[in-house]
Amino acid sequence: MEQIITRFPPSPTGYLHVGGARTALFNWLYARSKNGRFVLRIEDTDIARSTKESVDAIFKALDWLGIDWDDGPFYQSERLDIYKEYIQKLIDSDNAYYCTCSPEKIKRVRESNIALGQTPKYDGTCRDKRLKKSDKAVVRFRADNFGTTIVEDIIKGNILFQNSEIDDFIIQRSDGMPMYNFAVVVDDITMGINTVLRGDDHVSNTPKQIALYRALGCLLPVYGHVPMVFGKDRTRLSKRHGAMSVTAYKDMGYMPEALINYLVRLGWSHGDDEFFLKDDLIKKFNIKNIGISPSIFDSEKLLSLNADHIKAAPLERTAICLKPFLEEKNVEITDMSYLSAIAGTLNKRSKTLLEMADGAMFYLESKVVYDKKAAEKFLKLNAYDCLSFLIDQLKQLESFTQENQEEAFKKVMDMTGLKFGKIAQPVRVALTGKTVSPGIFEIIEVLGKERVIKRLEEALLYIDSKR
RNA sequence: GGUCCCAUCGUCUAGUGGUUUAGGACGCCGGCCUCUCACGCCGGUAACACGGGUUCGAAUCCCGUUGGGAUCACCA
């Protein structure tokens, strides 16, 4: 069996959005699972709309997702000579011809076709004129009018098209740039692509591309069209559906693992399994389990998956992902093992890294800032004795293990006659400034003796100041 | 409008003719756990679009209807 070669060919006219990312992921996964190759190609023949920023954004998104490529990136704009050569082949073999019809005329014909309820088609004015190359001439493919073309799709099954539906489409613009359907075919041929996994919106292009392969005498790739991803209103994904670019999710505090997991499950399944890491996916991914019906992007589920991945990730990993979010808040991180420990207390209660960063602030601040209501409610005179007893007890402790702390608190409970809950809240506020936080014992252990004693003493000072 | 595609809980999906009172997950609603908030655990809610066939038997196969979507550029 020949090596599987897949590709991802984004056009750099905007950011990489989640739908495109899923297509890239499927191709990448398939190549990886089959020990094949994955090619990245930038389709920038539309000079007016392609930008360098978009190219960079796509690289950045792919890099964040951990989708790497074996060949490329190839830029279509740098392959113009190759397209020219293939155009010439097609013209020489009489499979293509020059056409000088004006865009206005073409448009009129198209409109009248639609008005008559027909498929809009080029009327063939120049088809047999044997025109020579000229400045304003485009090159059209001479398409068969009769017969049928079957697209053998490994996901959707066979799809039959009447060739009469296909017109003499343009393969080269008057400015010499190749058109999409043609460039794709030439690239896929010359890059050895044998497996084309792409969005459902490309099925109608496929018969045209097949015709090109035939005219060029080349072997067809295997096609697989993956169902679309829609927004909540069942229309094409766009900005009005909320965040759609991959990097937006990065910025909102999502783990790439979570997006990958979510995206792969949109249209692909493995029994009842829900949680996947990349290595599992490479082992388990297959085309036969890609569904055929479109799906809707559900950010709620992505969120919950993100929470799952935050819980499951090794603490060192979480710390690395978390760091930039803290830096964004002007907190400099020097001690990664401290950050890992912090993450360990927060990973069960954070749905995003952004949330986790918020929750982590109290660990990193040199001075606790009290939430007004929290301080008013819990840092009152009646908490004074209890906090100072606790300081005494904690000072005697060698290490802050769970058991040690429990004993210390028990003594404070005995001395004050208070229940644990009554002690915990003031301590929590003293240590974190808030009424909501990870468990008291966890916090104390992670903060360490020095910080804990200092913060408790500061709380005493605060209470004093309110006398 | 032509062509093509799709149709299981609100959403993602399992299911490939009988093992199904249709399973899991998210969400939602209860409860338990508990030092706060979470996590976790337990329970509940909710679907085979409709109509015809085929078959002893259909969510599963066929046809039609309805609904949704994609596509028809000198965009990709």
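We name chains A, B, ... by the order of the sequence lines, and we start the count at 1 in each one.
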- Query: Of all the nucleotides listed (B/C74, B/C4, B/C12), which has the minimum atom distance to the side chain of A/S295?
  - Reply: B/C12
- Item | Position toward the 5' end of RNA chain B (nearest nucleotide), A/S11 or A/Q162 | A/Q162
- Task: Take the protein atom CE of A/M413 and the nucleotide atom C1' of B/C35, then report the distance between them rounded to whole Å.
- Result: 10 Å
- Query: Taking 4.0 angstrom as the limit, do A/D44 and A/R49 come out as a salt bridge?
  - Reply: no
- Message: Under 3.5 Å, is there a donor on one side chain and an acceptor on the other for A/D187 and A/Y83?
- Response: yes
- Task: Would you classify B/C39 as syn or anti? Syn applies when the glycosidic angle is within 90° of 0.
- Result: syn
- Task: Could you tell me the separation between the CZ atom of A/F161 and the P atom of B/C4, rounded to a whole number of Å?
- Result: 7 Å
- Can you tell me the distance, in whole Å, between the CD atom of A/E274 and the C1' atom of B/U11? 12 Å
- Message: Of the listed nucleotides (B/G69, B/U3, B/U71), which one gets closest to any side-chain atom of A/R236?
- Response: B/U71
- Item | Between A/H309 and A/N306: side-chain donor-acceptor atoms closer than 3.5 Å | no
- Between B/U16 atom P and A/N289 atom CG, what is the distance in whole Å? 12 Å
- Give A/G199 one of three labels, base, sugar-phosphate or nothing, depending on what nucleic acid heavy atoms sit under 4.0 Å from its own. nothing
- Task: State which residue, out of A/R236, A/R22, A/K156, fulfils the salt bridge (Lys or Arg N to Asp or Glu O under 4.0 Å) condition with A/D200.
- Result: A/K156
- Query: So what does A/G421 hit on the nucleic acid, given a heavy-atom distance under 4.0 Å: a base, only sugar-phosphate, or nothing?
  - Reply: sugar-phosphate
- Message: Side chain of A/S204 only, heavy atoms from C-beta on: which candidate in B/A70, B/U71, B/G40 is closest?
- Response: B/U71
- Name the nucleic acid region contacted by A/R234, choosing base, sugar-phosphate or nothing; use a 4.0 angstrom heavy-atom cut-off, strictly under. sugar-phosphate
- Note on the structure: Taking B/G2, B/C12, B/U13 as options, the one with an atom nearest any side-chain atom of A/I296 is B/C12
- Query: On a whole-Å scale, what distance lies between the C1' atoms belonging to B/U71 and B/A76?
  - Reply: 13 Å
- Let me know the distance between OH of A/Y180 and C1' of B/A73, rounded to the nearest Å. 14 Å
- Query: Should A/R49 be listed as having a side-chain N or O under 4.0 Å from OP1 or OP2 of B/A76?
  - Reply: no
- Nearest-nucleotide pick for A/N181, side chain only, options being B/A76, B/A70, B/A7: B/A76
- Atom P, compared across B/G53 and B/U45: separation rounded to whole Å: 34 Å
- Query: Looking across every strand, which nucleic acid part, if any, lies under 4.0 Å from A/T13 by heavy atom: base, sugar-phosphate, or nothing?
  - Reply: nothing
- Message: Whole angstroms only, please: what is the CG-P distance between A/D167 and B/U71?
- Response: 17 Å
- Message: Please classify the nucleic acid contact of A/S437 as base, sugar-phosphate, or nothing, using heavy-atom distances under 4.0 Å.
- Response: base
- Note on the structure: The Watson-Crick or G-U wobble partner of B/U36, with both key distances under 3.5 Å, is none
- Query: Given that A/W268 and A/K156 both sit by RNA chain B, which one's nearest nucleotide is further toward the 5' end?
  - Reply: A/K156
- Query: In whole angstrom, what separates A/F141's CZ from B/C72's C1'?
  - Reply: 18 Å
- Item | Distance, rounded to the nearest Å, where A/F441 contributes CZ and B/U34 contributes P | 14 Å
- Task: Name the closest nucleotide to the A/K301 side chain, picking from B/U36, B/G24, B/U71.
- Result: B/G24
- Message: Pairing donors with acceptors under 3.5 angstrom, does anything connect the side chains of A/Q425 and A/R428?
- Response: yes
- Message: Using atom C1' in both nucleotides, what's the gap between B/A58 and B/G51 to the nearest angstrom?
- Response: 15 Å
- Task: Classify the nucleic acid contact of A/N205 as base, sugar-phosphate or nothing, counting any heavy atom under 4.0 Å across all strands shown.
- Result: base
- Note on the structure: Closest of B/C6, B/C75, B/A73 to the A/I170 side chain is B/A73
- Query: From B/G10, B/C6, B/C75, pick the nucleotide closest to the side chain of A/D298?
  - Reply: B/G10
- Task: Searching all strands shown, indicate the nucleotide that pairs with B/C50 (Watson-Crick or G-U wobble; both distances under 3.5 Å).
- Result: B/G64
- Integer angstrom distance from the P of B/G24 to that of B/C42: 12 Å
- Answer yes or no: does a side-chain N or O of A/S350 lie under 4.0 Å from OP1 or OP2 of B/A38? no
- Message: With a 4.0 Å cutoff (strictly under), does any side-chain N or O of A/R173 reach OP1 or OP2 of B/A76?
- Response: yes
- Query: If you measure from the P atom in B/A59 to the same atom in B/C41, how many Å do you get, rounded?
  - Reply: 33 Å
- Task: From the options B/A14, B/A76, B/C39, select the nucleotide whose nearest atom is closest to the side chain of A/S269.
- Result: B/A14
- Query: Taking the C1' atom of each, how far is B/A46 from B/U11, in whole Å?
  - Reply: 12 Å
- Looking only at side chains, do A/T401 and A/N404 share a donor and an acceptor under 3.5 Å apart? yes
- Task: Measure from the side chain of A/R265, starting at C-beta and using heavy atoms only, and say which of B/U13, B/A76, B/C35 lies closest.
- Result: B/U13
- Of the options A/K208, A/R142, A/R140, A/R127, which is the one that meets A/D168 in a salt bridge (Lys or Arg N to Asp or Glu O under 4.0 Å)? A/R127
- Message: For B/U20, give the paired nucleotide (Watson-Crick: N1-N3 plus N6-O4 or O6-N4; G-U: N1-O2 and O6-N3; both under 3.5 Å), or none.
- Response: none
- Nearest-angstrom distance, C1' atom, B/U19 to B/A25: 23 Å
- Message: Using the P atom as the point on both nucleotides, what is the distance between B/C50 and B/U3, in whole Å?
- Response: 27 Å
- Is the closest side-chain donor-acceptor distance between A/T206 and A/R198 under 3.5 Å? yes
